[in-house]
Amino acid sequence: MVSLYKKLKKSPVAKKVFFICVCIFLTAYLFSIPAFSNRRPLNAFSYVLFALLAVFVFCYLLLYGSLRMDYRFAFIPLFAVFALIGTIFYSHQFRNWLTLFLLALTYVVFLYSFRCLNNTKLVLMLTFISFSLFGLYFFVIYYKEIFDFSNLANVRLGSYFDNVNGVGGYFVTIFLICCYFLLFSKKKLRILFLVPTIIFALFGTTTGSRTFLLTIVVGLFTLVFARYRKNKPLLLSITIILIVSIIMLLFLPFLSNLRDRLFSFFAHIEGQNIDYSTLTRVLWQKYGVYFGVKHLLFGTGAYGFTTLSGVGTYTHGNFAELLCNFGVIGFCLYYSLFANAFRDSRESNEIVKYLAFSILISYLFKGILSVYYYDKLTVFELALCIHLCLPTLVLKFNANAAGVILYRQIYV
């Protein structure tokens, strides 16, 4: 066994094979998250891919890198461990808590995967490939409905895979990645991402998700601001063009369903109309905050609001859901990851951190509209943002396979 370990460690061919396997299984697993993870029994395929990814990642790091951890690995695991307190005393939903535990493990594997690849552009390209494959799968399933413009306004696509709002979230991810490449790549490469950007925006709108539309607008304007902030006249011009273009697109006939749902949402906020979808979501979130204040420190535990409120569903708002289920301590533990990513970015010289900004700000905005803390895609994106915002010194250290600790930082 020892001799095999030494042979593998010294073999450049074995190292290349392990590296390629990490790339393949990371891409395959990311594809399986939207494609299979919410479709039984196909979700078993997603679990198998995750297990294979974890095995190759840990083998690669054990042989050719380092399994050391820093405090960034602890955010989601600490949140999951703390969530057990409220679960024991109140909700008793240990199966749902187990989901949080598995998500914490997934978060750690993702961070280790990025360390194995040690190439931010490669990570983004693999992500682009995996979600592009899902987009192709989505088209294969729904191509008849997509080309039936006369009926497209009356349907919401995506339920074959998951909740339609969840499917819209997958397209937010790939849309923002395409926009990043479109805005920050070399001029010759930008045109390559123009068509995918338009296609994924179209696919997302077919889900009829208001959350999709609002979050891509927030993310897009974040990227545009980051790209042109030093040229204020150009920034203002592009912003005006984007606003006018979005308004004009909303009045296309096949987007009438999404437009009507969006306008009902804003009319309700302004008090001009009663939108029962918005009304119930607001009431549930207020009820969630009430439970959170009542159980301020530890919350009601995993699945607490659904179990104890009598509503029978979640609050439809991540802020309210976290406060209700895990108290103010769990709330702060979860969002400390966001704070740390923004803090780390100040010590990073990489422009890719602006993609992380757009994702994180989109999630902060999305926290008003939906619950996402238990979602695999969210865990991936948060791990990705942590990686994209790593200080330059940490990136240099991770590139050093010798495993000598050159940089250590404690964040309180």
Side-chain angles (χ1 to χ4, degrees), residues 74-107 163 165-166 169 210-211 214-215 265 268-271 274-342 360-379 381-382 411-412:
F75 289 115
I76 303 300
L78 278 178
F79 169 73
V81 170
F82 179 81
L84 185 59
I85 299 175
T87 306
I88 291 173
F89 287 106
Y90 296 105
S91 71
H92 308 299
Q93 297 294 323
F94 296 104
R95 184 175 181 179
N96 293 97
W97 176 83
L98 182 60
T99 299
L100 292 180
F101 175 78
L102 292 175
L103 287 174
L105 177 61
T106 305
Y107 170 79
N163 176 284
N165 292 318
R210 293 177 293 193
T211 303
L214 293 172
T215 49
F265 171 76
H268 179 88
I269 292 176
E270 294 175 359
I274 297 178
D275 177 47
Y276 288 99
S277 175
T278 305
L279 177 63
T280 51
R281 290 169 188 241
V282 171
L283 289 175
W284 290 337
Q285 291 191 42
K286 288 182 178 179
Y287 200 16
V289 172
Y290 166 77
F291 268 95
V293 172
K294 195 173 180 181
H295 304 84
L296 190 60
L297 290 180
F298 305 113
T300 57
Y303 217 58
F305 180 81
T306 305
T307 304
L308 304 176
S309 67
V311 172
T313 186
Y314 48 92
T315 62
H316 287 72
N318 205 64
F319 299 123
E321 188 83 9
L322 284 171
L323 184 63
C324 173
N325 291 355
F326 311 113
V328 68
I329 299 177
F331 182 95
C332 292
L333 276 174
Y334 187 83
Y335 281 108
S336 64
L337 186 152
F338 288 69
N340 185 80
F342 286 120
L360 292 173
I361 292 172
S362 295
Y363 266 108
L364 289 173
F365 180 79
K366 188 179 176 182
I368 307 170
L369 305 170
S370 64
V371 177
Y372 52 74
Y373 72 88
Y374 56 81
D375 187 67
K376 291 179 183 177
L377 175 68
T378 302
V379 169
E381 291 195 88
L382 293 182
Y411 174 61
V412 179

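In this text, all values refer to a predicted model and were calculated from it rather than measured experimentally.
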Quiz item: Which atoms form the tightest heavy-atom contact between Ala341 and Leu360, and what is the distance?
Solution: CB-CD1, 3.6 Å
Quiz item: Aromatic rings Tyr314 and Tyr374: how do their planes relate, parallel, tilted or perpendicular, breaks at 30° and 60°?
Solution: perpendicular
Quiz item: Rounded to the nearest 0.5 Å, how far apart are CG of Leu283 and CZ of Arg281?
Solution: 12.5 Å
Quiz item: Are Tyr334 and Asn318 close enough, and set up right, to give a side chain to side chain contact (heavy atoms under 4.5 Å, CB included), and what steps lead you there?
Solution: CA-CA 11 Å; Tyr334 187 83; Asn318 205 64; 4.0 Å; yes
Exercise answer: donor-acceptor pairs, residues 93-106 side-chain atoms, under 3.5 Å, sequence neighbours excluded:
residue	atom	partner	partner atom	Å
Trp97	NE1	Ala80	O	2.6
Thr106	OG1	Leu102	O	2.8

Quiz item: Does Val289 reach the side chain of Trp284, with side-chain heavy atoms less than 4.5 Å apart?
Solution: no
Exercise. Go through the structure and list residues passing side chain to side chain contact (heavy atoms under 4.5 Å, CB included) with Gln285, not counting sequence neighbours.
Key: Thr315, Ala320
Quiz item: How far does OG1 of Thr87 sit from NE2 of His92, to the nearest 0.5 angstrom?
Solution: 9.5 Å
Quiz prompt | Asn165 CG to Thr211 OG1 distance, which is reported to the nearest 0.5 Å | solution = 5.0 Å
Quiz item: What pairs with Leu296 under side chain to side chain contact (heavy atoms under 4.5 Å, CB included), at least two apart in sequence or on another chain?
Solution: Val328
Practice problem: May I ask you to check whether Tyr335 and Phe338 place their ring centers less than 6.0 Å from one another? | Solution: yes
Quiz item: According to the interplanar angle, ranging from 0 to 90°, do the rings of Tyr287 and Tyr290 count as parallel (below 30°), tilted (30 to 60°) or perpendicular (above 60°)?
Solution: parallel
Self-check item: Any side-chain heavy-atom pair of Leu78 and Phe75 under 4.5 Å
Solution: no
Quiz item: Who passes side chain to side chain donor-acceptor pair (under 3.5 Å) against Tyr373, sequence neighbours left out?
Solution: Asn325
What side-chain donor-acceptor pairs closer than 3.5 Å can you find for residues 298-312, not counting sequence neighbours?
residue	atom	partner	partner atom	Å
Thr300	OG1	Cys324	O	3.0
Thr306	OG1	Thr313	O	3.1
Thr307	OG1	Tyr303	O	2.7
Ser309	OG	Phe305	O	2.5
Ser309	OG	Val311	N	3.2

Exercise. Measure the SG-CZ distance between Cys332 and Phe326 for me, rounded to the nearest 0.5 Å.
Key: 14.0 Å
Practice problem: For Tyr372, enumerate each residue passing the ring-ring contact (aromatic ring centres under 6.0 Å, His included) test, keeping only those at least two apart in sequence or located in another chain. | Solution: Tyr363
Quiz item: How long is the span from the OG atom in Ser370 to the CG atom in Asp375, to the nearest 0.5 Å?
Solution: 9.0 Å
